[in-house]
Amino acid sequence: MAKLKIGGVWVGVLEVELDNWTVPMLREEVARRSNIEPGSIKLICTGKVLKDGDGAEKLIQLGIRNNAKILATRISVEEGNSLKEELIAEEERSSRLARVKAAATALSKRHADGSLPLEDFNLEIQNQGGEKVQLGSETDQQAIMMGLMFHANAKNLIKRQKFKNALEVLAMGEEAFSLCNQKILELVDNVPILQLDMVWCYFLLQDISSLSVAGMRLEKAREGIERCHGKDLSRVRFLQAGRQPELALHMRLELLEGVLAYHNGDFDKSRKTLNCAKEKFLQLQVPDEALSHVMSMGFKECDAQKALRLNNQDVASAVDFLFEEKSRREKKREDDIQHRKEILEQKRYGMTPLKRAVNLEKLKELVSIGFEKFLAAEALRRNENDFQKALDDLTNPELNSAMQVSVESRKRKRQQRAAEARIEELVSMGFERSRVVAAVQAALQSGGNMEQILTQLISQLDDSDANPSDSKPNDAGPSTVTSLAEMSTIGSLNNNDIAGSSSDEDTVVGPLTAGETEKRDVEMEDELAQELENVDHLSDYDIEVTREGDAIYEYLALLASADVMERASSLQ
């Protein structure tokens with residue numbers, strides 16, 4: 001038994017079992033001894049409020065040791081309810097952050113190592129031109145994917161004014177990026193922009209206590225941005241075809257540097273930096289006439305403003321930009337459709353022994369040589385996408401024959417499962433099972449589709465109504481099983497309405513187990529994927545600068561006031 005020294009509403013020593021007692025148990029015991037309702041007692045140890053959590057966490061797990069001092073204070077019912085609500089909100093926030101981290105980790109791992117996607121999308125790292133890029137090793141790819149997901153989620157939280165949550169997610173993003181080879185990160189501006197966003201959150205939270213760390217982050221942000229953009233911005237102008245998308249980003253950087261200098265008492269530096277930020281802010285103001293001109297061509301106000309801001313208010317350049325963006329979006333939609341088709345195709349071939357997807361580029365190469373597609377896919381699947389080993393198997397008569405048997409067997413199983421699903425669907429509509437089985441079997445032989453099967457079944461119903469003596473009772477006996485067994489031996493189906501999309505259930509290495517599937521947080525993974533979907537190559541630079549402008553003028557006014565006070569003081 002351990003001893004806890006209690007002070008406050010009740011003074012004394014409690015003997016407890018630290019590895020068995022929980023916070024609710026301790027609160028109830030103190031409440032009993034002090035004749036106070038448990039909900040009116042707040043327990044504090046080493047400066048921290050002891051939270052109930054899920055009610056299962058033991059005192060020893062909370063770091064409470066023998067002879068620890070516990071302060072028990074009495075609070076009003078209103079305070080108790082407020083504290084309870086605050087604790088619940090904090091637990092929900094912590095739970096959500098944990099879900100975000102787990103989902104980002106799972107997504108990045110699956111999509112960085114070439115695993116067969118469980119979703120109908122695939123995450124890829126692209127440059128500002130929309131081209132897929134391979135940055136470093138598999139570990140580097142995973143780290144960058146995680147960092148980008150956290151950053152996108154944090155930006156969404158900032159838009160919703162949840163700055164504290166955004167800071168925590170940005171910190172997770174910073175940690176994720178740190179796992180990547182730093183030489184690779186020096187080639188991109190994602191990390192400097194993340195640092196800048198963290199300081200922006202400090203500013204929005206008015207967190208003066210973070211001044212020192214804000215200074216270090218701003219130094220890293222400026223160093224990284226100048227390295228990527230060039231000190232004279234020549235590199236970014238070249239990449240963006242002469243446009244100046246980075247202007248708002250640099251304005252925010254100078255604003256925060258000016259604010260930091262002000263709070264550090266360096267008024268001269270603050271004034272100089274804020275005036276530079278003000279100059280950029282004025283450059284970013286969209287003239288009404290230019291906005292009206294662009295909108296008259298059928299573009300939305302928000303798109304027109306963005307185009308003018310990114311193109312130095314030049315109407316012609318802004319219009320060209322908008323048409324380019326429209327073409328880019330259309331191409332992205334086409335690419336997304338193609339990617340989904342490729343994922344569905346990969347799922348038809350199953351997973352390699354290490355649960356990777358079949359490499360479609362290598363598959364195309366083998367098909368171009370003259371090998372049958374499913375057979376070539378099977379060779380790649382068995383050999384972990386090793387092109388040479390797959391080619392060796394395909395040119396080995398014995399192995400080739402064995403693979404053909406395996407492919408045909410799985411194909412028959414897929415067809416049988418699809419046919420059984422169609423039969424159950426039609427039976428649920430009220431059609432007689434024996435007739436459904438016969439109709440589906442006929443469709444398998446003739447390559448018919450679902451519409452033709454329905455037409456045939458409906459015509460049979462009409463005939464049955466016309467000739468009642470021809471009708472037969474619904475028979476779900478052994479003959480149905482025989483029909484299905486016969487159906488499974490029929491050749492490949494041509495119509496997707498019957499064949500359906502195949503799965504990897506019948507591959508040598510099957511899909512995730514039920515236990516593994518349950519661990520997936522599909523809702524959070526979809527949310528993160530959707531946030532990435534809404535990010536484009538200019539999202540980091542597309543800043544609506546109203547709040548920055550207000551801050552620039554506010555701090556310039558504070559500096560002017562400080563100058564007046566200084567002159568008045570010198571005259572006395």
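The residues Glu527 and Arg96 are annotated as salt-bridged, a charged nitrogen and a carboxylate oxygen being separated by less than 4.0 angstrom. A salt bridge between Glu168 and Lys164 is absent, with no side-chain N of the basic residue lying under 4.0 Å from a carboxylate O of the acidic one. Comment: Glu531 does not engage Lys155 in a salt bridge, judged by the lack of any side-chain N to carboxylate O separation of less than 4.0 angstrom. The pair Arg417-Glu420 fails the salt-bridge criterion, with no side-chain N (NZ, NE, NH1 or NH2) lying under 4.0 Å from an Asp/Glu carboxylate O. Remark: Arg32 engages Glu29 in a salt bridge, criterion side-chain N to carboxylate O under 4.0 Å. A salt bridge does not link Asp386 with Lys362: none of the charged nitrogens is closer than 4.0 Å to a carboxylate oxygen. Using a cut-off of 4.0 Å between Lys/Arg side-chain N and Asp/Glu carboxylate O, Arg33 and Glu28 are scored as not salt-bridged. By the 4.0 Å N-to-carboxylate-O rule, Arg348 lies too far from Glu345 to be salt-bridged with it. Using a 4.0 Å cut-off between charged side-chain N and carboxylate O, Asp393 and Lys389 make no salt bridge.
Not a single side chain to side chain donor-acceptor pair (under 3.5 Å) links Asn385 to another residue, sequence neighbours left out. In terms of the side chain to side chain donor-acceptor pair (under 3.5 Å) criterion, Glu175 has no residue partners (sequence neighbours excluded).
Using modelled atom types, no side-chain atom of Ser270 and backbone atom of Val259 make a donor-acceptor pair closer than 3.5 Å. Thr105 contributes a side-chain N or O that, together with a main-chain N or O of Lys101, makes up a donor-acceptor pair within less than 3.5 Å. Between the side chain of Arg65 and the main chain of Ile60, a donor-acceptor pair closer than 3.5 Å is present. Although no hydrogens or angles enter the test, the distance criterion places a donor-acceptor pair under 3.5 Å between the side chain of Glu384 and the main chain of Leu354. Under a 3.5 Å cut-off, the side chain of Asn181 and the backbone N or O of Lys183 do form a donor-acceptor pair.
By the 30° and 60° cut-offs, the orientation of the rings of Phe203 relative to Tyr555 is tilted.
Crowding of Lys58 atom NZ: a count of heavy atoms from other residues, nucleotides or ligands under 6.0 Å exceeding 12. No more than 12 heavy-atom neighbours from other residues, nucleotides or ligands sit within 6.0 angstrom of CD on Glu37. Residue-environment remark: CD (Gln182) exceeds the threshold of 12 foreign heavy atoms within 6.0 Å.
Leu59 approaches Val16 most closely through the heavy-atom pair CD1-CG2, 4.4 Å.
Among residue pairs with one or both ends in residues 201-218, those qualifying as salt bridge (charged side-chain N to carboxylate O under 4.0 Å, His left out) are Glu174-Arg217; sequence neighbours excluded.
A donor-acceptor contact under 3.5 angstrom links the side chains of His151 and Asp197, judged on distance only. A donor-acceptor pair shorter than 3.5 Å cannot be found between the side chains of Arg99 and Ser95.
Atom CG of Leu218 sits about 6.5 Å away from atom CG of Leu196, to the nearest 0.5 Å.
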